[in-house]
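Below: one structure, written as structure tokens.
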Amino acid sequence: MNYWLMKSEPDVFSIDTLKTKKKSGWDGVRNYQARNYMRDDMKKGDMVLFYHSSCDVPGVAGLAKVLKESHPDPTQFDPKSDYYDPKATKDTPRWFMVEVEFVEKFNVVISLHTLKSIKVLENMPLVQKGSRLSINPVSEVEYKTILELK
DNA sequence: GCCAACGTTGGC
DNA sequence: GCCAACGTTGGC
């Protein structure tokens, strides 16, 4: 089993949204590296740290789990979607997503500020300056360390 | 294939 | 709202 961190802006899609919906496709990713993680590496049962970005208290807000492995992101085919990609076709989709299911919402968000103060986590891309990738692999040690903070 | 211009991310 | 970092685009 592998561990991941996925960023979402809570104004758009939060851990509460996922809790309500129970499960959701992780659509709208338009970055090749993040896409490749979803397409090639994320497996059913992998655990996901659900991270809130661009908000009052950025940090890990809860847990999700990969429910369905890579399949084409339907928003790329929808001309009305913000994520529409005219270069994508059903025969040759460009963007892929996984589906995740809700596992847990933390009582308190584990803030980026807190994560930055922990020595074990210093190699996570998340805590490094200029890191923008919205999906990142997390090591088992990092994952367990973060869960102990909740 | 280079690289300048431009757009986006995301913390602060 | 600012701006550093970084990805993408497109002319050449």
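Every value quoted in this text rests on a predicted model; they were computed, and no experiment measured them. Just so it is clear: chains get the letters A, B, ... in the order the sequence lines come, proteins before strands, and each one is counted from 1.
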Q. According to the ring pair (Phe, Tyr, Trp, His ring centres under 6.0 Å) rule, which pairs have a member within residues 27-74 of chain A, sequence neighbours left out?
A. A/Trp4-A/Tyr37, A/Trp26-A/Phe50, A/Tyr32-A/Trp95, A/Phe50-A/His52

(Q) Is there a path of hydrophobic side-chain contacts, each under 4.5 Å between heavy atoms of I/L/V/M/F/W/Y residues, joining A/Leu5 to A/Leu112? (A) yes

**Q.** Validation row: A/Ile110, A/Leu49 side chains within 4.5 angstrom (heavy atoms)
**A.** no

Q) Nearest heavy-atom pair of A/Pro74 and A/Met97: which atoms, and what distance? A) CD-CE, 3.5 Å

Q. Under 4.5 Å between side-chain heavy atoms, hopping through other hydrophobics if needed: is there a path connecting A/Phe13 to A/Met42?
A. yes

(Q) Would the distance check show the side chain of A/Gln128 and the main-chain N or O of A/Glu122 forming a donor-acceptor pair, the cut-off being under 3.5 Å? (A) yes

Q) What's in the same ILVMFWY side-chain cluster as A/Phe96, cut-off under 4.5 Å, chained through other members? A) none

Q: For A/Val108, enumerate each residue passing the side chain to side chain contact (heavy atoms under 4.5 Å, CB included) test, keeping only those at least two apart in sequence or located in another chain.
A: none

Q: Answer with yes or no whether the side chains of A/Ser117 and A/Thr114 bring together a donor and an acceptor at under 3.5 Å.
A: no

(Q) Whether the A/Thr20 and A/Thr17 side chains hold a donor-acceptor pair (N or O, under 3.5 Å, no angle test) is what I'd like checked. (A) no

Q) In residues 3-17 of chain A, which ones come under 4.0 Å of DNA chain B, going by heavy atoms? A) A/Lys7

Q: With a 4.0 Å heavy-atom cut-off, tell me which residues in residues 74-81 of chain A come close to DNA chain C, sorted by residue number.
A: none

Q: Provide the start and end nucleotides, 5' to 3', of the part of DNA chain C that has atoms under 4.0 Å from heavy atoms of chain A.
A: C/dA4 to C/dT8

Q.
Testing the basics here: between A/Leu18 and A/Ala64, what is the closest heavy-atom pair and its distance to 0.1 Å?
A. CD2-CB, 3.8 Å

Q: Taking only Lys NZ, Arg NE, NH1 and NH2, and the carboxylate oxygens of Asp or Glu, determine whether A/Lys144 and A/Glu140 approach each other closer than 4.0 Å.
A: yes

Q: Would you kindly compare A/Asn31 and A/Lys87 by the position of their nearest DNA chain C nucleotide and give the one closer to the 5′ end?
A: A/Asn31

Q) If you group Ile, Leu, Val, Met, Phe, Trp and Tyr whenever their side-chain heavy atoms sit less than 4.5 Å apart, what else falls in with A/Val57? A) A/Val109

Q.
Quick check: closest heavy atoms across A/Arg30 and A/Tyr83, and the distance to 0.1 Å?
A. NH2-O, 2.8 Å

Q: Would you jot down, in residue-number order, the residues of residues 51-60 of chain A having a non-hydrogen atom under 4.0 Å from DNA chain B?
A: A/Tyr51, A/Ser53, A/Ser54, A/Pro58

**Q.** ILVMFWY cluster, A/Ile118 and A/Val127 together (side-chain gap under 4.5 Å)
**A.** yes

Q.
For residues A/Val48 and A/Val29: do they belong to one hydrophobic cluster (side chain heavy atoms under 4.5 Å, members Ile, Leu, Val, Met, Phe, Trp, Tyr)?
A. yes

Q. So what is the end-to-end bend of the helix from B/dG1-C/dC12 to B/dC12-C/dG1, with 5 pairs used at each end and the value given to 10 degrees?
A. 10°

Q) Looking at DNA chain C, which of residues 125-134 of chain A put a heavy atom within less than 4.0 Å of it? A) A/Lys129, A/Gly130, A/Arg132

Counting only pairs under 3.5 Å, give me each side-chain donor-acceptor contact of residues 131-139 of chain A, with atom names and distances, residues two or more places apart or in other chains.
from: A/Ser131; atom 1: OG; to: A/Pro125; atom 2: O; distance (Å): 3.0
from: A/Asn136; atom 1: ND2; to: A/Leu133; atom 2: O; distance (Å): 3.2
from: A/Ser139; atom 1: OG; to: A/Glu142; atom 2: N; distance (Å): 3.1
from: A/Ser139; atom 1: OG; to: A/Glu142; atom 2: OE1; distance (Å): 3.3

Q | Close approaches to DNA chain B from residues 105-119 of chain A, in residue order (heavy atom, under 4.0 Å) | A | A/Leu112, A/Lys116

Q: Kindly say whether A/Lys44 contributes a backbone atom to a donor-acceptor pair with the side chain of A/Glu69 at under 3.5 angstrom?
A: yes

Q.
Please determine whether a side-chain nitrogen of the Lys or Arg among A/Asp73 and A/Arg35 lies less than 4.0 Å from a carboxylate oxygen of the Asp or Glu.
A. no

Q) Between A/Gly28 and A/Thr75, which heavy-atom pair has the shortest distance, and what is it? A) N-OG1, 4.1 Å

